[in-house]
Amino acid sequence: MDVFFLGGPRPQRGVGVVAPFDFALDRELWRWVPDEVSLHLTRTPFVPVEVSLDLARLVSEHRTLGEAVRALSAVAPEVVAYACASGSFVDGIAGERAMCAAMTAAGALPSVTTSGALLEALAELRVRRVALVTPYTASVTRALEQYVAEAGVRVTGRAFMGLTRHIWRVPYREVVAMARRAVRPGSAEALFISCTNLATYDVIPQLEAELRIPVLSANQVTMWAALRRLGTRAVGPYQALLDEAARDWPSLPEGAHDPQNRQDPQNPQNPQNTQRTKEHGEGLT
């Protein structure tokens with residue numbers, strides 16, 4: 001059969017992605033990427049350490065990043081993204097900037113990190129108050145809070161799970177439950193769901209419709225920022241970061257039910273219910 005009429009494969013633009021060795025959600029990253037862009041993923045070397053501040057520092061060492069970027073340079077990406085939230089916020093804003101500089105020096109190309117992309121997204125949406133959801137332990141969650149606060153953004157609430165492994169196995173229903181615990185009515189201007197190993201793609205539109213604020217996630221902001229540097233846009237279901245039309249929510253009709261049923265005295269979101277369940281990692285700053 002003569003197949004020359006096909007004309008060959010479509011030209012592709014490349015995004016290099018450096019991910020921790022335990023990253024398990026490659027497919028989720030691809031869902032935000034338009035057809036004309038390819039992802040070229042590489043992983044940091046395995047280390048026998050559970051998810052913690054120590055692991056965050058090990059998978060973000062400049063030497064490790066440099067070697068990964070040099071390996072990616074063989075396929076000539078136009079931008080490189082470090083896809084790990086904790087690894088890029090663990091040493092604060094100065095640490096994140098130093099990581100970008102190290103990656104750029106190793107590959108002579110623009111570089112972004114998940115946590116740098118988060119601050120970029122918060123600035124894009126003009127957010128000064130944010131709620132946080134994480135699968136992390138208390139100490140790692142606290143480091144994220146400090147990173148966000150260093151950027152001048154106030155954390156209004158949080159929910160975390162205390163996990164040290166197998167984060168990619170967390171189902172959507174638990175992500176949604178944490179979001180509902182973290183966001184108090186009228187407090188946060190956005191919600192950030194941290195960790196690139198936590199699946200979020202399908203829950204973002206649902207949560208935005210329910211909470212009526214922009215919902216950001218680690219994988220979402222990483223792909224959004226990397227593709228922005230290519231002059232193209234991330235794709236995905238209706239969500240505020242990707243679509244300006246999704247940034248305005250019509251007011252609820254007078255007398256309409258709260259979509260989160262926060263007036264229910266048994267609901268922990270009720271502002272009159274000040275009881276907090278520490279076993280679920282709830283708390284307010």
Side-chain angles (χ1 to χ4, degrees), residues 8-49 51 55-91 93-121 167-168 194-201 217-236 242:
R10 290 182 61 184
Q12 292 283 295
R13 307 181 70 186
V15 173
V17 178
V18 180
F21 64 90
D22 63 344
F23 180 67
L25 299 180
D26 304 52
R27 178 64 188 131
E28 175 156 299
L29 291 183
W30 277 97
R31 297 178 76 182
W32 271 291
V33 177
D35 288 344
E36 68 274 12
V37 175
S38 283
L39 298 182
H40 310 302
L41 282 91
T42 189
R43 281 167 168 74
T44 61
F46 171 78
V47 289
V49 179
V51 176
L55 179 62
R57 291 190 171 96
L58 285 171
V59 297
S60 61
E61 291 178 339
H62 291 189
R63 180 177 176 181
T64 297
L65 295 178
E67 291 175 352
V69 172
R70 281 188 287 273
L72 287 169
S73 66
V75 292
E78 296 180 47
V79 62
V80 65
Y82 177 69
C84 178
S86 60
S88 51
F89 67 61
V90 66
D91 288 322
I93 290 177
E96 189 276 333
R97 290 175 178 168
M99 291 175 63
C100 283
M103 290 191 293
T104 295
L109 72 170
S111 302
V112 300
T113 72
T114 297
S115 296
L118 166 62
L119 298 188
E120 192 175 327
I167 289 171
W168 67 88
S194 193
C195 190
T196 54
N197 234 356
L198 186 65
T200 58
Y201 185 89
S217 78
N219 284 326
Q220 176 210 45
V221 298
T222 304
M223 289 295 95
W224 169 80
L227 292 165
R228 201 181 198 196
R229 281 152 178 79
L230 295 186
T232 189
R233 299 176 61 180
V235 297
L242 309 188

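The figures here come from the full heavy-atom set of this structure, side chains too, leaving out hydrogens, waters and symmetry mates.
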W32 vs L242, side-chain contact (heavy atoms from CB on, under 4.5 Å): CA-CA, chis, key distance, verdict
CA-CA 10 Å; W32 271 291; L242 309 188; 3.8 Å; yes
Nearest 0.5 Å please: distance from the [atom1] atom of [X] over to the [atom2] atom of [Y].
{"X": "S86", "Y": "L55", "atom1": "OG", "atom2": "CG", "value": "6.5 Å"}
{"X": "Y201", "Y": "L29", "atom1": "OH", "atom2": "CG", "value": "11.5 Å"}
{"X": "W30", "Y": "L41", "atom1": "CH2", "atom2": "CG", "value": "8.0 Å"}
{"X": "R229", "Y": "W224", "atom1": "CZ", "atom2": "CH2", "value": "8.0 Å"}
{"X": "F89", "Y": "S60", "atom1": "CZ", "atom2": "OG", "value": "10.5 Å"}
{"X": "E61", "Y": "M99", "atom1": "CD", "atom2": "CE", "value": "10.5 Å"}

Exercise: identify the closest heavy-atom pair between [X] and [Y]:
{"X": "A106", "Y": "R70", "value": "O-CG, 3.6 Å"}
{"X": "A121", "Y": "V221", "value": "CB-CG1, 3.9 Å"}
{"X": "T64", "Y": "P45", "value": "CG2-CD, 3.7 Å"}
{"X": "P77", "Y": "S73", "value": "CD-CA, 4.2 Å"}
{"X": "A226", "Y": "V79", "value": "O-CG1, 3.7 Å"}
{"X": "L198", "Y": "E28", "value": "O-OE2, 3.8 Å"}

For R31, which residues count as a salt bridge (Lys or Arg N to Asp or Glu O under 4.0 Å) partner, sequence neighbours excluded?
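D202.
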Please list, chain by chain and in numerical order, all residues satisfying salt bridge (Lys or Arg N to Asp or Glu O under 4.0 Å) with R27, sequence neighbours excluded.
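Counting only residues at least two positions away or on another chain, R27 forms no salt bridge (Lys or Arg N to Asp or Glu O under 4.0 Å).
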For the side chain of [X] and the backbone of [Y], is there at least one donor-acceptor N/O pair under 3.5 Å apart?
{"X": "T196", "Y": "N219", "result": "no"}
{"X": "T222", "Y": "Y82", "result": "no"}
{"X": "T104", "Y": "P110", "result": "no"}

Please test R57 against D91 for side-chain contact (heavy atoms from CB on, under 4.5 Å), starting from the C-alpha separation and ending with a verdict.
CA-CA 8 Å; R57 291 190 171 96; D91 288 322; 3.2 Å; yes
State, with a plain yes or no, whether a side-chain heavy atom of H40 is found less than 4.5 Å away from one of V80.
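Side chain of H40 against side chain of V80, heavy atoms only: no contact under 4.5 Å found.
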Side chains of I93 and L119: does their closest heavy-atom pair fall under 4.5 Å?
yes
With a cut-off of 3.5 Å and sequence neighbours excluded, list every side-chain donor-acceptor pair involving residues 13-24.
unit_1: R13; atom_1: NE; unit_2: E78; atom_2: OE1; d: 3.4
unit_1: R13; atom_1: NE; unit_2: E78; atom_2: OE2; d: 3.0
unit_1: R13; atom_1: NH1; unit_2: L230; atom_2: O; d: 2.8
unit_1: R13; atom_1: NH2; unit_2: E78; atom_2: OE1; d: 2.7
unit_1: R13; atom_1: NH2; unit_2: L230; atom_2: O; d: 3.1

R43/D26 under side-chain contact (heavy atoms from CB on, under 4.5 Å): CA gap, chis, key distance, verdict
CA-CA 11 Å; R43 281 167 168 74; D26 304 52; 2.6 Å; yes
Check against side-chain contact (heavy atoms from CB on, under 4.5 Å), R228 and V112
CA-CA 10 Å; R228 201 181 198 196; V112 300; over 6 Å; no
What I want to check is whether the side chains of S115 and E96 have a donor and an acceptor closer together than 3.5 Å.
no
